[in-house]
Amino acid sequence: MKDARAAESAEYILRKIGVAPKLALVLGSGLGVLAEEIEDPIIVPYSEIPHFPVSTAPGHAGRLVAGRLAGKFVLAMQGRFHFYEGYDLDQVVLPMRAFAKMGVQNLFLTNAAGGVNESFSPGDFMLIRDHINLTGRNPCVGSNDASEGMRFFDMTTAYDPGLRQAARAAAALMGIPLQEGVYMWFTGPSFETPAEIRAARTLGADAVGMSTVPEAIAAVHRGLKVLGLSCITNMAAGIFAGRITSEEVLEVSEREKPRFSAFVKKTVEAIG
Ligand code: HPA
């Protein structure tokens, strides 16, 4: 059932954009501006695509943009679906399953995240080395079609070492510092409590956020290589004094947009 839906979405997208790109990008909160740099864009609103939900989060436009970025044909999601919006995880990861059906091979996930590691600062970029799924929810729960992916599958290198190396090379070329660490998924929509952040740190998290992990799991299940990059927009609750607001998150992602976009573009260029 979920595969039939993904196949119909994939078929529609392919009909609109012609050929499948090797790389798909998911542009997180406030980071969608990169899609505007895509040359000769073909725009496909989510509302047109069979089975696609419509994204409601602030800073998320709700459309696919296909075209050339850094000389490569790519497909970008300008806006993603979050569990906190009320979608079930099959809906959240439907695009990943559709991309896999289309023949996409690499998935570049970006997000805004709260910094847990005290050596981080707002405005830092963190390459996701690994994740912790604290929610206990998994998009692959339910019936499994073995022709699509294995029932039990390995997550040892969920964030592909080769793609991570490309991101490091891009950061070095641009002379920008790149943090690396573990992203922990909370469902939101409440930001975490200071006690949760202390627990997250003890458990090994460097950053926390409300996305990315279900998408990464579903993508790995379908054999995609995943790259994850966080823009640290704020320090997580209780790390320093002060409250967290979504205005602050959007303000910092707004401020960092040009640098973040340039870095994502350079990384796309560095991916073989
Ligand atoms: N917590 C969870 N998600 C986030 C945060 C945070 O502090 N900042 C940006 N996204």
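Computed over heavy atoms, backbone and side chain alike; hydrogens, waters and symmetry mates excluded. Along the sequence shown, the residues carry numbers beginning at 1. Remember, it's 1-based here, ligands and their atoms both numbered in the order they're listed.
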Using the rule given for side-chain contact (heavy atoms from CB on, under 4.5 Å), can you reason through Tyr183 versus Val208, listing the C-alpha separation, both sets of side-chain angles and the distance that settles it, and then say yes or no? CA-CA 6 Å; Tyr183 175 97; Val208 291; over 6 Å; no

Please produce the table of protein N or O atoms sitting under 3.5 Å from N or O atoms belonging to ligand 1, one pair a line, distance to 0.1 Å.
| from | atom 1 | to | atom 2 | distance (Å) |
| --- | --- | --- | --- | --- |
| ligand 1 | 1 (N) | Glu192 | OE1 | 2.8 |
| ligand 1 | 1 (N) | Glu192 | OE2 | 3.3 |
| ligand 1 | 7 (O) | Asn234 | ND2 | 2.9 |
| ligand 1 | 8 (N) | Gly114 | N | 3.4 |
| ligand 1 | 8 (N) | Asn234 | OD1 | 2.6 |
| ligand 1 | 10 (N) | Ala112 | O | 3.3 |

Donor + acceptor pair across side chains of Glu248, Asn234 (<3.5 Å):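 The answer is no; no qualifying pair exists.
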
For residues His51 and Tyr12, is any side-chain donor paired with an opposing acceptor at under 3.5 Å?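 No pair is found: no donor N or O on one side chain lies under 3.5 Å from an acceptor on the other.
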
Can we say [X] and [Y] salt-bridge, meaning some charged N sits less than 4.0 Å from an Asp/Glu carboxylate O?
{"X": "Asp206", "Y": "Arg201", "value": "no"}
{"X": "Lys101", "Y": "Glu11", "value": "no"}
{"X": "Glu269", "Y": "Lys72", "value": "no"}

